[in-house]
Every structure is written in structure tokens, then in C-alpha cells.
Amino acid sequence: MSSAYHPEKVEREAQEYWRGTRCFEVAEEPGKEKFYCLTMFPYPSGKLHMGHVRVFTISDVIARYQRMRGKHVMQPMGWDAFGMPAENAAIQRGVPPAEWTYRNIDDMREQMQRLGYAYDWAREITTCRPEYYRWEQWLFTRMFRKGLVYRKNSIVNWDPVDETVLANEQVIDGRGWRSNALVERREIPQWFMKITAYADELLAELDRMPGWPESVKTMQRNWIGRSEGLELGFEVEGTNEPLEVFTTRPDTLMGVTYMAVAAEHPLAARAAKQDPDIATFVEECKKTAAAEAALETMEKKGVPLGISATHPLTGERVPLWVANFVLMSYGTGAVMGVPGHDERDWEFAKKHGLPIVQVIAPADGREIDIQAGAFVEHGILVNSGEYDGLNFEAACDAIAAHFEDSGRGRRAINYRLRDWGVSRQRYWGAPIPIVYCDQCDAVPVPDDQLPVVLPEDVEFTGVGSPLKDMPEFLEATCPECGRPARRETDTFDTFVESSWYFARYACPDSDQAMLDARAAYWMPVDQYTGGIEHAILHLLYSRFIQRVMRDEGLSAASEPFTNLLTQGMVLKDGAKMSKAKGNTVDPHALVEKYGADTVRLFMIFTAPPEQALEWSDDGVKGSFRFLNRFWTSVQAHAESGLATPVDPDTLDTAQRDLRRKTHQTIAKISDDIGRRYTFNTAVAAAMELLNSVNRFDDSSPAGRFVVQEALDAIVLMLAPIVPHICHTLWQALGHDSALIDESWPSADDRALEQELIEIVVQVNGKLRGRISVAVDADDDTVREAALADANVQRFVADKAIRKTIVVPGRLVNVVV
RNA sequence: GCCCGGGUGGCGGAAUUGGUAGACGCUGCGGACUUAAAAUCCGCUGGCCGCAAGGCCGUGCCGGUUCGAGUCCGGCCCCGGGCACCA
């Protein structure tokens, strides 16, 4: 064995061993406790970036740790291969999206393998392959039959120059990114999945998911946004249909002074035909991007429609407006304006000179000026006729009862969550399995005609989908009546692929069913790791589709992911690493220079997984230096002859101290990795133990025994993080077995025992001294020892002691 | 605008249940080794005062609770993530 650390050699040998023994390829073993460890699969964008390396390393540490804990671990990897970047690359380079994607996959797979992740590559999934997406097409047709998918008009960003639909990302300051034309909102028919049918279950189950971060659960709760309220109709002049609105504040109903509808609302369209000013405003409203953030931050504007609605309680007429902040896609596309008790309504009323009426007074009786600002808290009703004096609950009940009795309204539960629009007017995605027939309308493609294969050999221009120009794709026969029909050219949102891939890893080769019995063994995922940016969309869609699969009898699990770890971004100079900012660091170059273990160690040591990680070239060097010290320490110990076991009872104080440190470190790192997921502090503890070993100078048999025990423990505990160097060092320490088959060490309680402990002494909460006392000393003994300390005496002196607080094993605080 | 996070030395971070602020690492400075450099090893490294012992200040800002607050509560400021067609 050479004495210097050569990572490329060490890493090649370890990886050859793992490949030769196929130790990460696993099959179902019903007797064993399984552990399914999954990372959010990457989009094959070209090369691995540091964000990938970080999340893969975090997940790999967990997988390897659980394996050492005796679990039967499955860790797969695959490719979220459909998406816009392939189309953009195709336009820029003239390469078909498929070719570009497959080439990237090959490059990235090779880079991943160089990093030594414990993946079962036999399960690799590529979502743009027909053998994968045929099953989501199949599930879509099942959902069609159950009424869980439907078609309706919805709004997209329309680039009037390129005549194409733009993603929100492609709209910059309200303009198309290529044409620079002002983007318009346009309505087109699109397919929707009825996630709202599962809203209650998706919400309720969050309370029974202890393995998810509270922040993510809160975000999902707020996103689903369940609210209880009243649905009621306002009669509008010139129409027979009442204008339906939903409110969570029926108690403020008497304060309604206007109504507002969305620009796309039929009442606005009707008024626009009569009045050119309204038409101009409605057109202007449509010239904004569809993203909610854009709508919510723009100036609140509106114009009166010149018609009025009748207040359902007072019979008074309130004016009807069209306003740019009312969204057609939320609820009914209409809202009632209560400026006295809603901030946004208040501002709108002030701006347009609409009346502001106070109908709620503070419960504590204080005076408020409603003209100076909205009062949004719950309170007591005033100016509300027969409802005066009621509190929030009583008023809501009374008013709801009134509407229910008269049949003009009803108590209702409303969700902020909207159904999932899955249609994309793009080429590089999974075809939506529908054919359109003049006689039979939209007909799902029958099972025996699936998959609907996306042609990969295309000329891609970026203007419209090439599928529209391909008769061999477009032309179909109606499955119901046999007449000529036309195939759907829209493709699925790529979130459809990523909403079920986790289950498919259990049986990637199943060609008879979407999932088979193997999924029952592996699902749910025990540990899911990925970016916090997916806290809502991807994770909520996955929870939805998992339930659809459950209800289809494909999987018993309701929740796909038992434990969730959301890792932070990789930053450099305070900003996210990105090509656009030009602050990327190529992982490949670093692996070439320092080896995979150094890169893995840096990723793990520099920050806790959930936090953003600030890149540092010097930090990488520091990790490399540590591995060199580690290597040298183990080799030096091994070269001078390995130790033989010694009876721990015969150790002297220094030997016992090192042994205690070893076992304290085992306890700490087990807790850090197994419970706390603070891998950075686990590494710090291992470094501390190695520092203790290097300071320890005792070549007696007993001394060599405690050193060997410490080094064995460090190698075992760093194995999940830096598996290659540990593989080699384990052999150097004289073990015949392969490290990959070793178990996690356990702390020996007897080694942890100690006689004296240090206690901190405070006077009035300020640190004034430290004392050493017997570990089992009682409070009085500790208090006396504390007061006897010379520096403590200086501060206590002749002052009266008011009380003394003794925190056993920690501190004494003397209050004078 | 709305929802969710975060803010601690020169830097990354530690402090796990309200109990020693700054573990571990980086940088910097000083020293050893070397013809020299690199590498390695040793020491110091929050600010201020002090010969020292030790003291005072200090966890984004303002206020509160407590014997004791980085940690809990109220109000602000700044930074990041998400907002339904980036993935």
C-alpha cells in the first residue's frame, strides 16, 4: 500500500468492487425491512451542476447509513426527460429534442457514476421513452372514464407575433422573450385533472405526516386554502341569472357598496359591446401575463359597467364594476366589495370614490375611523338592522340561515386549490391520448392502441408543434364509430411524469401493467430528498396521483413519501449558481482535481442539508486536507502494526478519556445522521475525534488498542459520506470483510461513564467560574462548591443571596 | 401583493428541550521544517480595556417575558423560495 493518498486510484478500486459485486442491485426480500431512498430525479439539462451533486450526496449518505443499520435499501435514479429546454436547444442548435436529451443523459450518467452513488442502475427510468409514458396515458384514460379529467377553456399567455403559447418563464416584463411583443391572455380549450376531488383528503392527511417539515405542510395547507363561507346570488339588472359570489365574511354583508367581476366575465363582455370605454378597459386587462404574481402586484384598476346589482338583504342598488384584480379562474369570477372591512376593497373604494360603510365595530368598544382604514378583525355588527349586536359566529349563522331559508344562498366550503391544467401546446412531451371525432367528440385512445408514440425524428422550428404538420401522427380513426378522426396534438405537463415515477422504480420493466406486485413491497418511499422549490406543485401533484393509483387498485399507499428532506440551494457570491449569472462551478473538474470523496465531503460538511450552501474554493481544499490527514493517520497507525484487544478495565486515565471520546462520538454521530439529519455536525464530530487521536501519544498495547478502536469507528461512521477512502482504509486497518457489508457501530455505555464533570457558575446570569464536581454530587454540594469559587466570591462578596438555581449537570446561577 | 423560510466573528457554520455564544473548518498572522517554494506540523485569531488575573460589549433593528434569551412573545427591516406553463 502506498503511503500517499491518491483519490483517483482509491475511488476506481472501490467502484470496481461495488460494480463487481453488484451490491446496490436489490430485489424484493419480504423478510427484510426495506428502505426506499429517493432523490428528486434530474432534468437532463446537459451537465451535472453543484445543486445535483448536493442533493444526490445527501440522499446517498442516508441510503448508505440505512444499509449499515441493516435495512434492505433501494436507491434508484432516472431522468425527468421531457421539457422546454430540449425544445430551446433544438431551436438554437438544430438538433432534435430527443437526440439532445439522450446525449445529455449519457453524459450525466457518467458523471454521476464517477461520484460513487449507491444506485441500483438496473432500475433506471427515462420518462420520454414510450414504455414509460404509455402508462400515464393509460391512467389518463382511466381517469377520463371516472370523470376525473375534463376539458374546459382556460387562459394562456399568447405571443401575437410568434403566434405561440408562452410559459410564464418566457414572459419578461409582460413581453414575449423572443418577439418582445406585448403578451396577451387568450382562452383555449385544455384538459384538466380533478385534483379538487381530493382536496379534503390531501388537506386532512397533512396532520398525519410527522415525517414532513412543518413549513412544507403549512405551505400545502395554505395552497389548498379550505375556507367556509356563504355562497349567494345578487340579482343584476338586465339579466335573469343571479351573480354568484362566495364570501368568508357573511357578517359584513350589510357593508357591500359595490360588486366587481373579472375582465373575462360574461357581464363584462356584454357591457363592453355597449360601451367602447369598457371594451378598451377589458382589452387592456387581457394584455397582461397570466401569472398570479404579475396580477397581484399591478395597480388595481377598474371601470363601472353602468349597471347595478340588488343587495339581497336591503334591496338597495350597488354599482357593478369590472376590475383587473378579480380572477376568472378563482371561484365565480365575481366578488362583493366591502370596503369597510377588507384592505383591498377599501383601497379600491377610496380611489374610485365608492362609499365606505362601517358594519363591524371592535368587540372591546374602542372607537375606529372607517374612513382612515379598513377594520378587518372580527367584531360586533352595527348598521346592520336586525343583525346589530351579533358577534362573528352568530351573525354568520343568522345570515346563512336567512339565505338558506329563502333559497337564495347556501353555506359552502370553498378551496383556493384549482384543478390541474395538464395540456401543453408543445412538442416535447407525452402525447395526450385523445382523438377528436366530429360525431363522438373527444374519445380516449383504447388500451390496445397505447402508447400514442411521440415521433422523435422531427424538424423542430419552435413555431407551433411539428405534430400539427405530420399527417401520420395527426390522422386517426375514431375508436367508437370508426370514422376518420384527428389526434390531440397537445402534450402533458411534465409534472405528470414526475407525479408517479417514484412508484414505477419498483417495477420499471413491467409491460403488462402500470405497477405490479413489486410496488406493494417498495412503496411508499421512506426517504424523499429534493429542493424546497418543489414544496407545493410537484409534491402536491404526486400526492394526488398516488391516490388516483390507489383508487385504481395499483398501490395500497395513500401517501407517496413518508419522510421528506428539502435541501437548500448551492450559492456562489450570495446568488444561486446559474449559467445566466456565470457563477457556476463544474463538478466534473473538481472531481478530476480532488476526487469524488472531497467533493462529497465539502457538500456535506459546509452546511446543514436544509440550508443554502455558500460555495468556497478554499473550503474544498480544506475538505481535501482533512482526507489527507485522515489517510495519513490511519496508514501511520497500520504501518506500525495493528493493535490487539485489551481489557477496558485495565486502561489508564488518558486511555479511558480517548475511549470515552470515541464512544461519545459514536453516540453523537448516530444521532446526527439517524435522527437530526445534521450531517455537517457529524463530520465535525469525526474531525474532533481524529484530532484527539492525533494528539494522543501512547504506543503501549493499551494505547494502540484505544487508537485502533477510534480509527475503526471514524472509518465506519464516515463511510456513508466518503465511501471510497473508507473502503480502502478499512482494509488498511486489518479487516478482511468489505466495508460495504459492515454494520454501524454502537456506543458502549460503560465507556461513557465518568467520575467528574464541569459545572458552570453564574452570578446574576453572568458566567463567573467553572467548578469540577463528582458526577453524582447532590444540589447542596454543588451549590457549596460554586460559592467557594474565588471569582464567584468576588461578585457575591457581602451582597445578600436572593436565590440559587442549580441545573443538575450544567450550571449554578447565584442571584444577589 | 399573498404564503413559507432565513439573518450569529474576516468567511462557511456550531450552540439538539430557555442554561458556558463562536464547536468544527476556512482565511489571515506568527513560528518550525526547507537552499527556496509547495506540502506538512505547531501557536494565535469576535470587538474594546488590562502586565496579568480578569472585566465590559456582542447573535439584523426596537420593545417584552424570565434567575437566565441566538433560542420564547409583540412590532419592524433586509435577504431567499413559491405563486398553478422553468423544472
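So that the names make sense, note that chain A is the first sequence line, chain B the second, and so on, each numbered from 1. Just so you know, these numbers use all the heavy atoms, side chains as well, and skip hydrogens, waters and symmetry mates. Since the model is a prediction, treat every value here as computed from it, not as a measurement.
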Asks: Establish, yes or no, whether the cationic atom of A:Lys152 lies under 6.0 Å from the six-membered ring centre of A:Phe192 and within 45° of the ring axis.
Replies: yes
Asks: Pairing check on B:G1: which nucleotide meets the Watson-Crick or G-U wobble criteria with it, both distances under 3.5 Å?
Replies: B:C83
Asks: If only side-chain N and O atoms of A:Asn791 are considered, is one of them under 4.0 Å from the OP1 or OP2 phosphate oxygen of B:G55?
Replies: yes
Asks: Rounding to an integer number of Å, can you tell me how far A:Asp493 CG sits from B:C86 P?
Replies: 9 Å
Asks: Just confirming the chi classification of B:G9, syn or anti, using 90° around 0 as the syn window.
Replies: syn
Asks: Over all strands shown, is A:Phe325 touching base, sugar-phosphate only, or nothing at heavy-atom distances under 4.0 angstrom?
Replies: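 Counting heavy atoms under 4.0 Å across all strands, no contact is made by A:Phe325.
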Asks: Determine whether A:Trp420 and A:Leu540 make a side-chain contact, defined as any pair of heavy atoms from C-beta on separated by less than 4.5 Å.
Replies: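 A:Trp420 vs A:Leu540: side chains apart.
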Asks: Show, in sequence, the C-alpha distance, side-chain angles and deciding distance for A:Arg424 and A:Asp493, and conclude whether the salt bridge (Lys or Arg N to Asp or Glu O under 4.0 Å) test is met.
Replies: CA-CA 6 Å; A:Arg424 295 293 179 270; A:Asp493 176 4; 3.0 Å; yes
Asks: Considering every strand and a 4.0 Å limit on heavy-atom distances, what is the contact class for A:His538: base, sugar-phosphate, or nothing?
Replies: nothing
Asks: Is there a side-chain contact between A:Asn691 and the phosphate of B:C24, meaning an N or O under 4.0 Å from OP1 or OP2?
Replies: no
Asks: Can you tell which of B:C4, B:G25, B:G55 lies closest to the side chain of A:Ser215?
Replies: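 Taking heavy atoms from C-beta onward, the closest nucleotide is B:C4.
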Asks: Between A:Asp671 and A:Lys668, is there a salt bridge with N-O shorter than 4.0 Å?
Replies: no
Asks: Could you give the CZ-to-C1' distance, from A:Phe630 to B:U40, as a whole number of Å?
Replies: 19 Å
Asks: Can you tell me if A:Arg768 touches the phosphate of B:C56, counting only side-chain N or O atoms and a distance under 4.0 Å to OP1 or OP2?
Replies: yes
Asks: May I have the distance from A:Ile669 (atom CD1) to B:U16 (atom P), rounded to whole angstrom?
Replies: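 Taking CD1 of A:Ile669 and P of B:U16, I get 18 Å after rounding.
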Asks: Both distances under 3.5 Å, Watson-Crick or G-U wobble: report the partner of B:U35, or none.
Replies: none
Asks: Classify the side chain of A:Asp618 versus the base of B:C26 as yes if they form a donor-acceptor pair under 3.5 Å and no if they do not.
Replies: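 Per atom types, no contact qualifies.
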Asks: Which part of the nucleic acid does A:Ala293 contact within heavy-atom distance under 4.0 Å: base, sugar-phosphate only, or nothing?
Replies: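 Answer is base: heavy atoms of A:Ala293 come under 4.0 Å of a base.
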Asks: Across all strands shown, which nucleotide pairs with B:C56 by Watson-Crick or G-U wobble geometry, both distances under 3.5 Å?
Replies: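 Pair assignment: B:C56 / B:G47.
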Asks: Quick one: A:Trp420 CH2 to B:A84 C1', roughly how many Å, whole number?
Replies: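 Taking atom C1' of B:A84 as the reference, CH2 of A:Trp420 is at 11 Å.
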Asks: If only side-chain N and O atoms of A:Gln762 are considered, is one of them under 4.0 Å from the OP1 or OP2 phosphate oxygen of B:C67?
Replies: no
Asks: Heavy atoms under 4.0 Å, any strand shown: does A:Lys217 hit a base, just sugar-phosphate, or nothing?
Replies: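 No contact.
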Asks: Confirm from the modelled atom types if A:Arg810 and B:U20 form a donor-acceptor pair under 3.5 Å, side chain to base only.
Replies: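 Answer no: no donor N or O sits under 3.5 Å from an acceptor.
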Asks: Check whether any side-chain nitrogen or oxygen of A:Lys766 sits under 4.0 Å from OP1 or OP2 of B:C57, and answer yes or no.
Replies: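 True: A:Lys766 side-chain N/O within range (under 4.0 Å) of B:C57 OP1/OP2.
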Asks: How would you label the contact of A:Asn813 with the nucleic acid (heavy atoms, under 4.0 Å): base, sugar-phosphate, or nothing?
Replies: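 If one applies the 4.0 Å heavy-atom cut-off, A:Asn813 turns out to touch a base.
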Asks: Nearest to the side chain of A:Ala291 - B:A84, B:G12, B:U20?
Replies: B:A84
Asks: May I ask you to verify whether the side chain of A:Arg675 and the base of B:U16 hold a donor-acceptor pair under 3.5 Å?
Replies: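 Yes, a donor-acceptor pair under 3.5 Å.
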Asks: May I ask you to say whether A:Asp207 pairs ionically with A:Arg221, meaning some side-chain N is under 4.0 Å from a carboxylate O?
Replies: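 Yes.
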Asks: Name the closest nucleotide to the A:Glu292 side chain, picking from B:G1, B:U20, B:G25.
Replies: B:G1
Asks: Classify the nucleic acid contact of A:Trp615 as base, sugar-phosphate or nothing, counting any heavy atom under 4.0 Å across all strands shown.
Replies: nothing
Asks: Once you round it to whole Å, what is the distance between C1' of B:C11 and CG of A:Leu571?
Replies: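 Those two atoms, CG and C1', are 14 Å apart.
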Asks: So, does A:Asn764 get its side chain near the phosphate of B:G68, meaning an N or O under 4.0 Å from OP1 or OP2?
Replies: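 Looking at the OP1 and OP2 atoms of B:G68, neither is under 4.0 Å from any side-chain N or O of A:Asn764.
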Asks: If B:C24 has a Watson-Crick or G-U wobble mate with both distances under 3.5 Å, name it; if not, just say none.
Replies: B:G12
Asks: Tell me which of A:Glu214 and A:Arg424 sits closer to the 5' end of RNA chain B, going by the nucleotide each one is nearest to.
Replies: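 The residue whose closest nucleotide sits nearer the 5' end is A:Glu214.
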Asks: Just checking A:Ser423: base, sugar-phosphate only, or nothing, at a heavy-atom cut-off of under 4.0 Å?
Replies: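 Answer is base: heavy atoms of A:Ser423 come under 4.0 Å of a base.
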Asks: Quickly work out the A:Phe624 CZ to B:A39 P distance and round it to whole Å.
Replies: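 Rounded to whole Å, this separation is 11 Å.
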Asks: Any ion pair linking A:Arg783 and A:Asp779 (charged N to carboxylate O, less than 4.0 Å)?
Replies: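 Salt bridge absent between A:Asp779 and A:Arg783.
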Asks: Rounded to the Å, how far apart are A:Ile757 CD1 and B:G19 P?
Replies: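 Going from CD1 in A:Ile757 over to P in B:G19 covers 16 Å.
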Asks: Under 4.0 Å between any heavy atoms, over every strand shown, what does A:Arg676 touch: base, sugar-phosphate, or nothing? Just pick one.
Replies: base
Asks: Using OP1 and OP2 only, check whether a side-chain N or O of A:Arg629 sits under 4.0 Å from B:C24.
Replies: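 Answer no for this pair, as no side-chain N or O of A:Arg629 is under 4.0 Å from OP1 or OP2.
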Asks: Could you check A:Pro42 against A:Ser616 and say which one's nearest nucleotide on RNA chain B is further toward the 5' end?
Replies: A:Ser616
Asks: Going through the distances and angles, do A:Met569 and A:Lys576 end up as a side-chain contact (heavy atoms from CB on, under 4.5 Å)?
Replies: CA-CA 7 Å; A:Met569 294 185 305; A:Lys576 182 178 181 173; 3.5 Å; yes
Asks: Contact class for A:Val815 (heavy atom, under 4.0 Å): base, sugar-phosphate, or nothing?
Replies: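 Sugar-phosphate contact only - A:Val815 comes under 4.0 Å of backbone atoms but never of a base.
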